[in-house]
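Encoded as C-alpha cells, the structure appears first; notes follow it.
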Amino acid sequence: MSESILAELTLLATADLAATLAALGHDGAGWWLRMSLWTGALLAAALLADHLLRRRVAPAWRAVLYLAVFVRAALPVDWSAPLSPLAAAPASTTTVEEVAPATTNDGAALEALAAPALLGAPALPAPPAEGPSLSPLPLALGLVYLLGALALLGAGVRARRRLRATIAEARPARPELAALAPELTVLEHAEAGPFACGVLRRRVVLPARLLGALAPDELACVVAHERAHHRRRDPLQVFALSLVTAALWPLLPIWIAAARLRQLMELSADELALRLGRTDARRYGETLLKLAELPAVRSPLATAVGLEPGGVAEIRRRLLALRGGARLPAAAQAGVAVAIGSLALACAGAGEPIADERCEEPVDARLAEPAADCVALKRVATTQHDRSERADDPDAREQALAAYDRYAASCARDQDHAEMLYYRAELLWAAASRLHASGDETRARAAFDRARGAFEQALAAKPGGFTEDAAYAQLLATMNALGLETRAAPGRRGDGSRDAGGAFPITDYSGDERRLLRSGELFARYVDDPENEGTQLVLYTRARLASEHNRFDEAERHARALLDSSDGEALHVWAAQILTDVLTIRMADEAAPDAAREAAADELLAWLTRAQAMALYQRDEAASLRDAVSPLTTGAMWVKAEVANAAGRHAECGARFAALIDRAPEHPQLDDAMINAARCWSASGDRARAREHARALLRRAPGSEHAREARTLAR
C-alpha cells in the first residue's frame, strides 16, 4: 500500500470521526436538554412517591418507580406521551432548528434527530450530501461525551480487575461461616468486605478482622445480608446500572435514580436478611451500629454489593425502615408501584415540551405567594427535603423548612397536615444531628430543642402511623437538647448523697430533669408497650433520676418494671445496679425497725438469686454487679442473723452465722462471725455447738481480740 493511499485513507477516517463527533455534540446537546427535563420530572415524581409510600410499600417495589426514568431515557426525545396534559395543548412554535441550530456552509439545515439507538443515547443523523464545515464547539462536545463514556467504562474494567485480585487473595472461610450460606462460596480476606459478588459464580467475602469483632449471631446477620443480595440478583443489577450510567452519563437524573436504587437494594436486602437470618430487627440493628463503629474496610465496586452501614443518619433511616409500618398487601404494593410508575411515564413527553411558567419559577417565588397553595407547598417541601438529604444541601434544607413552616401555619385542614408536620420535625432533627456531628454543641442543643417542639406539634396533630416514631423522637430530642446520653451508665446514685447524719434526704428535681420526666410522660401517653425501646428508656431514666434524688420507692418501682419487661441489654444492667443499691441501702438503714431491715435483706437475697439467672448478668457491663453478689449475700445473711439475735431467736441466730461461715470461709470478719455464732448457740442452751465454734475460732485466729471469750465458751 503506497504512502499516498494510506494518507488518504487516514484523512478520510479522521474526517468521518470528526463529523461523527460533531454531529453527536451538536444534536446531542438538544437531546440532553430535553431529555434532562423529562427524566428530571420523572425522577422528582419517583422521589415524592417513594417518600410518601415508604411506610406502606416495600423497598423492592418502590424501586419500580425509578425504572420509569430509565425507560424514558430509552425512548425518542420527541416521544408523544398518551396521557400528558401537554398533548392537548397547541403545538409549540419553536422548531428543532430554533432550539439547536446546525447548518452547512450554504445554510441548509441538518436532518432532525433520529430515534435513539441504544439506551436512549442520541442516534447520529445521516451526513448531508456535501461535507459540512465542522464547528469546534460541537466537535468538542462530542469528544467530551465519548471520552466520558470511555472513562466510566475503563473505571468499571479496573474495578472488575481489583475485584478479581481481591478474590484471588481470599481464602475459603472456616466451616462454621461457610455453613451460614451453603449455596454460596464464602471467602475470608485480610481487609476487604463484607460484600457479595459474582453473577454466575456467586461469592461472599468477609474481612478477617471483622470476624473477631462480631459475635456469632452478629456474623449470621452479616452473612444473611449478603445472601439476600444474591437471592435478589443484586450483583447483576449493579452491573447493569454501571453500564447504563456509563452510556447516559450526561443525564444527572440517571445518576440520582441509580444511587437511589442502590439504597433500595440495601433496604430490601435488610428485610430479606431478617427472614434468612432468623433474627429480630433489634439484633440486626445492633449489628449495623457495631459495623459503623469499626474502622472502614476495603470493598471493591463493579458487581460487588455489601453491608455498608454508612453514617448515623443512614443507620437511623435503615433502622426506621426495618421497623416498618402498616404495609399494604403484597399484590397491592406491586399494583401501586407499577401504576404510579406507568402513569408518570405516560405523562412524560408530548413532542416538544411547552414551557410552564409556574414550574419555571424559582422556589423562593412560589413560597412568597400571598395565598397558600398547600399542594405546591407540599411538593416544594418534600422535594427539597429529599434533595437536602441526598446532597447535604443547606440551601435545599432552608427552602424545605420555609415551605414546611408556611404549610404548618396555613394548611391545618389539609388531609396530610399531621404527616407533613412529622416530616418537618425529621428535617429539623437531621439538621441538629449535623451540628452535633460537627462539634457545635451549643447550636446543636438549640436545634434539638426546636426538633423536640416540632415532634410535639406533630404528635398533637395525631400523625397516625408515625405516632410512635414521633413520641420516641421527641424523647431523644429532649435528651440531646439537655446534653444527656441516651445510653449512659448511671453516675452518682442514692448511696452517694447522705446528709451529715448519714441519712438519705429526698431532694428536688432540677428544671432540666423535670423537662426530661415530662418528655417521658408524653411518650408514655402515646406508647403502651413494655418491650418498646422508648418505654424501656423512659423507665430507666425515671429509675435513675429517682435514685439520684433518694426517692428509693420510685426508683425501685421503675427499675422492677423495666427488668420485668426484658433483661438482655446494657440498660437492664444499669437498672439492676440501681435496684441493688436501693435494696442494700434499705437493708443497711440502722434507724429502720428490725423487721423492715430483715424484710429488705430477704428482698435483696431474692433479687440477687434472680439476677444471676438473667441474661444481663453475663454482659460485660455487669462486672461490678457480679463482684458485688458475694459480699452483698453474706451481708444480708449477717443482718438476718443479727435481727434474729435481737428478737431472742438465738438458735436461729447461731444457724445463720454458721451458714455464713460455711459460705464465706475467707470473709474478712470471719472471727467476728465465729464468736457471734458461739454466743448465739450458748444463749440458746446448745453448749456443744457453742464450744465447736469457739474452738474453731481459736484454731483459726488464736490472737483474735475474741480469743479470751472463745476460751471461756470452749470449756
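Hydrogens, waters and symmetry mates are skipped; everything else that's a heavy atom, side chains included, is used.
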Backbone of Trp249 reached by a side-chain donor or acceptor of Trp255 within 3.5 Å: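 Answer holds: yes.
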Gln333 side chain vs Leu328 backbone, donor-acceptor pair below 3.5 Å: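 Yes, the answer is positive, given that a donor and an acceptor are paired below the 3.5 Å cut-off.
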Measuring only between side-chain heavy atoms, which start at C-beta, is [X] closer than 4.5 Å to [Y]?
X	Y	value
Gln399	Asp393	no
Ser388	Leu427	yes
Leu401	Leu428	yes

Between [X] and [Y], which heavy-atom pair has the shortest distance, and what is it?
X	Y	answer
Val223	Ala181	CG1-CB, 3.9 Å
Phe70	Ala257	CE1-CB, 3.9 Å
Leu377	Ala403	O-CB, 3.9 Å
Ala381	Ala400	O-CB, 3.6 Å
Thr245	Ser242	OG1-O, 3.1 Å
Ala431	Arg397	CB-CD, 3.9 Å

Stepwise side chain to side chain contact (heavy atoms under 4.5 Å, CB included) check, Leu153 with Leu243: CA-CA 7 Å; Leu153 291 174; Leu243 293 180; 4.2 Å; yes
Pairing residues for Arg174 by the salt bridge (Lys or Arg N to Asp or Glu O under 4.0 Å) criterion, not counting sequence neighbours: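 Only Glu188 meet the salt bridge (Lys or Arg N to Asp or Glu O under 4.0 Å) criterion with Arg174.
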Partner set under salt bridge (Lys or Arg N to Asp or Glu O under 4.0 Å) for Asp50, not counting sequence neighbours: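 Once residues adjacent in sequence are excluded, the partners of Asp50 under the salt bridge (Lys or Arg N to Asp or Glu O under 4.0 Å) criterion are Arg62, Arg260.
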His229 and its side chain to side chain donor-acceptor pair (under 3.5 Å) partner, picked from His225, Glu226, Arg232: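 Filter result, single survivor: His225.
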His51, NE2: over 12 other non-hydrogen atoms inside 6.0 angstrom: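 For His51, atom NE2 is crowded (more than 12 foreign heavy atoms under 6.0 Å).
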More than 12 heavy atoms of other groups within 6.0 Å of Arg390 CZ: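 Yes - once you tally the heavy atoms of other residues, nucleotides and ligands closer than 6.0 Å, there are more than 12.
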Check against side chain to side chain contact (heavy atoms under 4.5 Å, CB included), Phe239 and Asp234: CA-CA 9 Å; Phe239 180 72; Asp234 285 344; over 6 Å; no
Looking at [atom1] of [X] and [atom2] of [Y], how far apart are the two atoms once the value is rounded to the nearest 0.5 Å?
X	Y	atom1	atom2	result
Leu267	Leu272	CG	CG	12.5 Å
Asp386	Ile256	CG	CD1	10.5 Å
Tyr66	Leu47	OH	CG	4.0 Å
Ser36	Ile254	OG	CD1	9.5 Å
Leu274	Cys221	CG	SG	7.5 Å
Leu53	Leu65	CG	CG	6.5 Å

Would you list the atom pairs, donor with acceptor, under 3.5 Å between side chains in residues 192-205 and any protein atom, with sequence neighbours excluded?
none

Check: His230/Glu183 side-chain N/O donor and acceptor closer than 3.5 Å: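 Looking only at side-chain atoms, Glu183 and His230 do not form any donor-acceptor pair under 3.5 Å.
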Donor + acceptor pair across side chains of His385, Glu426 (<3.5 Å):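 No, no side-chain donor-acceptor pair sits under 3.5 Å.
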Side chain to side chain contact (heavy atoms under 4.5 Å, CB included) between His189 and Leu206, worked out: CA-CA 6 Å; His189 191 275; Leu206 302 174; over 6 Å; no
Working for side chain to side chain contact (heavy atoms under 4.5 Å, CB included), residues Leu163 and Arg160: CA-CA 5 Å; Leu163 180 61; Arg160 288 285 298 170; 3.9 Å; yes
